[in-house]
Amino acid sequence: MTESNQKNSRHKHTIAPSPVANYLLIGAGSMFTATVIAGFIVGYALDYLFDTMPIFFLACGVLGFIGGAQKVRLLTKRLDQQATQKTEDKPNVE
Amino acid sequence: MGTVEYIQHHLTNNSVGEGFWTFHLDTIAVSFMLGALMIFVSMRLVKQMETGTPGGFQNFVESILDFVAVNVRDAFPGHNPLIAPLALTIFIWVWLMNFMDLIPVDLFPYLFQLITGNPHAYLKIVPTTDLNTTLAMSLTVFCLIIYYSIKIKGVWGYTKMFLFHPFGKFFIPVNIIMTFIEEVSKPLSLALRLFGNLFAGELVFLLIALIGGTLAVGAAALFWAPLQVILDLAWLIFHLLVITLQAFIFMVLTIVYLGMAHEEAH
C-alpha cells in the first residue's frame with residue numbers, strides 16, 4: 001500500500017468535524033472575554049457566600065482565563081483539523 | 001446643552017423605580033411594539049398567502065425562512081420542531097430592535113419631548129443598546145440550554161459534565177467550578193457581544209450628530225454640514241451590515257448552543 005493510499009484509508013475512519021465549529025469561531029474572541037468575566041462573577045458570588053473575599057474572586061478569575069484560553073485553543077484546533085482534511089482530500093496529481 | 005450632556009441625555013433610559021427594581025419603560029415599550037409588529041405582519045401574511053405565484057413581500061419572507069432553515073439544518077444535529085421557529089423569531093426580532101439604531105438619533109426623543117411638554121424627557125429607542133434586553137434574551141436561551149441538556153443527557157449525564165470535564169476524575173472540585181464558569185460565559189458572551197456592538201454604533205451616530213450641533217454660523221457651515229451628511233450616510237450603510245450580522249450571530253449561536261445541548265456526549 002502506498003503512502004497516499006494509507007493516508008486515504010486513515011481518513012475514511014476519522015469523523016469530519018461538524019460545521020458547528022465554524023459558527024462557534026465567530027464568537028471565539030468574545031467567548032474568551034466572557035469566560036474571564038464569568039470567572040470573576042462566579043468567584044465574587046462564592047466569596048459573597050462564604051465571606052472569603054478575595055480568594056475565590058482571584059482563583060476563579062484565573063480559572064476563567066485558563067478555561068477561556070483552552071476553549072479558544074480547542075476551537076482553533078478543530079479548524080486546523082478541517083484544513084488538514086481538505087488538503088488530504090485533494091487528489092494526488094503525481 | 002454641552003457635548004457631554006447631549007450624549008448622556010441620549011444614553012439615559014426613561015425609567016421608573018430604583019436600584020434592582022428599575023424598569024426601563026422605553027426599552028420595554030419599544031421591544032413590545034416591535035414584537036407586536038412582527039406578529040401582526042406574520043398574521044396578515046398568513047391570511048393573504050398565495051399558493052401559486054407569490055407576491056413580492058411573500059417572496060421576501062420565504063427567502064428569510066429558507067435562509068434560517070438552511071442555517072438550522074447546518075448547525076443543529078438531530079430534530080427539534082422548536083428550534084427553527086425560535087431561530088426565526090430571534091433573528092427578526094433582534095434585527096428589528098437593531099434597526100431602530102438607523103433612525104435619526106434626535107427624531108424620536110424630540111417628538112417625545114414635544115408630546116410630553118417636558119424639554120428634558122428621556123427616550124432611548126434602541127432596545128439592544130440596553131444591557132437588560134440582551135441579557136434577558138440570552139438568559140432565556142440559557143434556560144432552554146439547561147432544559148434540553150437535562151432532557152437529552154439526563155440529570156446524571158448533565159451532572160457528569162460538571163464532575164469530569166475538562167480535567168478528568170482527579171480534579172472534581174476544579175472541574176465543577178471550571179464547567180460552571182464555562183456555562184455562565186455562554187449567555188454572558190451572547191449578551192455582551194450584541195450590546196457592545198449596538199451601543200458603540202449608537203455612540204458613533206451621536207458623535208456624528210454632534211457635528212451638526214456644533215455648527216458655526218458662517219462659512220464654516222459649508223464644510224461641516226456636508227461632512228455630517230457624508231459621515232452619517234457612510235456609517236448608516238456600514239451599520240446596516242452590522243445590525244444584520246449581529247442578529248445573524250445571535251441566532252446562529254443560539255442554534256449552536258442548543259445543538260450542543262442536544263449532543264449525547266459533551
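These numbers come from a predicted model, not from an experiment. Naming convention: chains lettered A, B, ... in sequence-line order (proteins, then strands); numbering from 1 in each chain.
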**Request:** Check whether any side-chain heavy atom of B:Glu182 lies under 4.5 Å from a side-chain heavy atom of A:Met31, and answer yes or no.
**Result:** no
**Prompt:** Does CZ belonging to B:Phe67 count more than 12 external heavy atoms closer than 6.0 Å?
**Reply:** yes
**Request:** Starting at CG of A:Leu63, measure out to CZ of B:Phe180 and round the result to the nearest 0.5 Å.
**Result:** 13.5 Å
**Request:** Measure the spacing between CD1 of B:Ile181 and CZ of A:Phe65 and express it to the nearest 0.5 Å.
**Result:** 13.0 Å
**Asked** Does CZ in B:Phe60 sit with more than 12 non-hydrogen atoms of other residues, nucleotides or ligands closer than 6.0 Å?
**Response** no
**Prompt:** Counting only heavy atoms not in A:Tyr44, do more than 12 sit closer than 6.0 Å to its OH atom?
**Reply:** no
**Message:** Nearest 0.5 angstrom please: B:Ile177 CD1 to A:Leu46 CG, how far?
**Reply:** 6.0 Å
**Message:** If the test is side chain to side chain contact (heavy atoms under 4.5 Å, CB included), which one of A:Val42, A:Thr35, A:Ile37 qualifies with B:Val184?
**Reply:** A:Val42
**Inter-residue atom distance B:Met178.CE - A:Lys71.NZ, 0.5 Å rounding** = 10.0 Å
**Prompt:** Out of curiosity, A:Thr33 OG1 to B:Leu192 CG, how far, rounded to the nearest 0.5 Å?
**Reply:** 9.0 Å
**Fill in**
All heavy atoms of A:Ser30 vs all of B:Ser189, minimum pair found to be O-CB, 3.8 Å
**Asked** Is it the backbone or the side chain of A:Ile41 that comes under 4.5 Å from a heavy atom of chain B, or both, or neither?
**Response** side chain
**Message:** If you count heavy atoms of other groups shown closer than 6.0 angstrom to CZ of B:Phe99, is the number above 12?
**Reply:** no
